[in-house]
Amino acid sequence: MTSFIPTEHQHNRFNPLNGQWVLVSPHRLQRPWSGQSESQAQIDNIPDYDPSNPLCPGNKRGNGKVNPKYESTFVFPNDFPALLENTPSPPPSDDPLFRIGEAKGTCRVMCFHPKLNRTLPVMKPLEIERVIDEWMNQFKELSPKYKWVQVFENKGASMGCSNPHPHCQIWACSFLPNEPSIKDINLKNYYAKYGRSLLDDYVEKEIVRQERVVIENKDWLVVVPYWAAWPFETMLISRNKLKRMDEIDDAQKKSLAIVIKQLTTKYDNLFKCSFPYSMGFHGAPTGPSAANEDNSHWTLHAIYYPPLLRSASVRKFMVGFELLCQTQRDLTSEQAAQRLREMDQNIHFSINQTI
Ligand code: H2U
């Protein structure tokens, strides 16, 4: 038998953040595709302004309120929030099969830019800095009260985004949700064993290895994680051992704005479309008791989960074996990182965009 070649032979990789294995089957890249195609998410046919879009400046929203004629970012309470503050709490249950818990919180929407067609890759770095400023403001305001403040961007209809206007959401919860909760436990266990933050160690090792690095500057590292589940998934990790979003200083904010622009430009250039994804930041949990807790095991990072696999129209589905057993990917993380490294990070494919 020939020796093991990771780009040819299937294997399992372990994700130490969620404690799950990912099946990597690179030989499957050869399979033909006659399944669903996504409609291409182009940007050059989107106007600056749409009088019927409830997120544009001066327009009426779903609940009848009128947006101000905002000129930079704009935050408003979600008119259809998943979490509310003033609702009755459920009665306790001692039945292990019918457990129930309190869930309170608040949901906000944040527009990145007054123009409908200014997605992050075609925004100016200074405009992206204003977005980061507002992420930090929101985090500072909500984190003393809530255990978890999730800033996330759903981009593109194929990720369930309901509106093409460049925007993100902020959901603040009274409870620690599943993903950060599992991550917290795994990071804590690693710290207890090795006395270091798992992600600080990971950054150091990836910089030495280089094969999964997409972008690096003095403050931030972007890699396709060794254990990536989605084809072009990336992690954007602080190199300054930051624990939470509110610790980003001015220099780190400037370099973060550049990295976000570079990464999203590479993403758009990959399949020449407005690249869909869900992304969000994870850092140490917050809330009233957070000040007394040791969060040395955390490192601030963002995760990008893009669904596209082969082209602007062919996406990956998490179905079948993935739903019933475990995540599987075809392209290796190293191959995905190389594809992204090769993409231009300064010039956006859409020549119709003037920035
Ligand atoms: P997406 O990020 O999935 O596109 O969601 C946009 C959010 O904007 C969604 O949560 C809110 C929706 O409830 N929204 C309003 O609050 N008011 C509106 O008038 C339109 C959309």
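Atoms within a ligand are numbered from 1 in the order they appear, just like the ligands themselves. All residue numbers in this chain count up from 1 along the given sequence.
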I'd like to know whether CH2 of W171 has more than 12 heavy-atom contacts from other residues, nucleotides or ligands below 6.0 angstrom. no
Quick check on ligand 1: any N or O pairs to the protein under 3.5 Å? One line per pair.
unit_1, atom_1, unit_2, atom_2, d
ligand 1, 2 (O), H167, NE2, 2.7
ligand 1, 2 (O), Q169, NE2, 2.8
ligand 1, 4 (O), S162, N, 2.8
ligand 1, 4 (O), S162, OG, 3.0
ligand 1, 4 (O), H167, NE2, 3.0
ligand 1, 5 (O), S162, OG, 3.4
ligand 1, 5 (O), Q169, NE2, 3.0
ligand 1, 10 (O), N78, ND2, 2.8
ligand 1, 10 (O), Q169, OE1, 3.4
ligand 1, 13 (O), N78, OD1, 2.7
ligand 1, 16 (O), N78, OD1, 3.2
ligand 1, 16 (O), D79, N, 2.8
ligand 1, 16 (O), D79, OD2, 3.3
ligand 1, 17 (N), D79, OD2, 2.7
ligand 1, 19 (O), G62, N, 2.6

4.5 Å side-chain heavy-atom contact, [X] and [Y]:
X: K254; Y: E129; result: yes
X: R108; Y: Q138; result: yes
X: V22; Y: F14; result: no

Heavy-atom pair with the smallest gap, counting every atom of Y267 and Y277: CD1-CD2, 4.3 Å
Between K155 and F275 the two heavy atoms that sit nearest each other are NZ-O, 2.8 Å
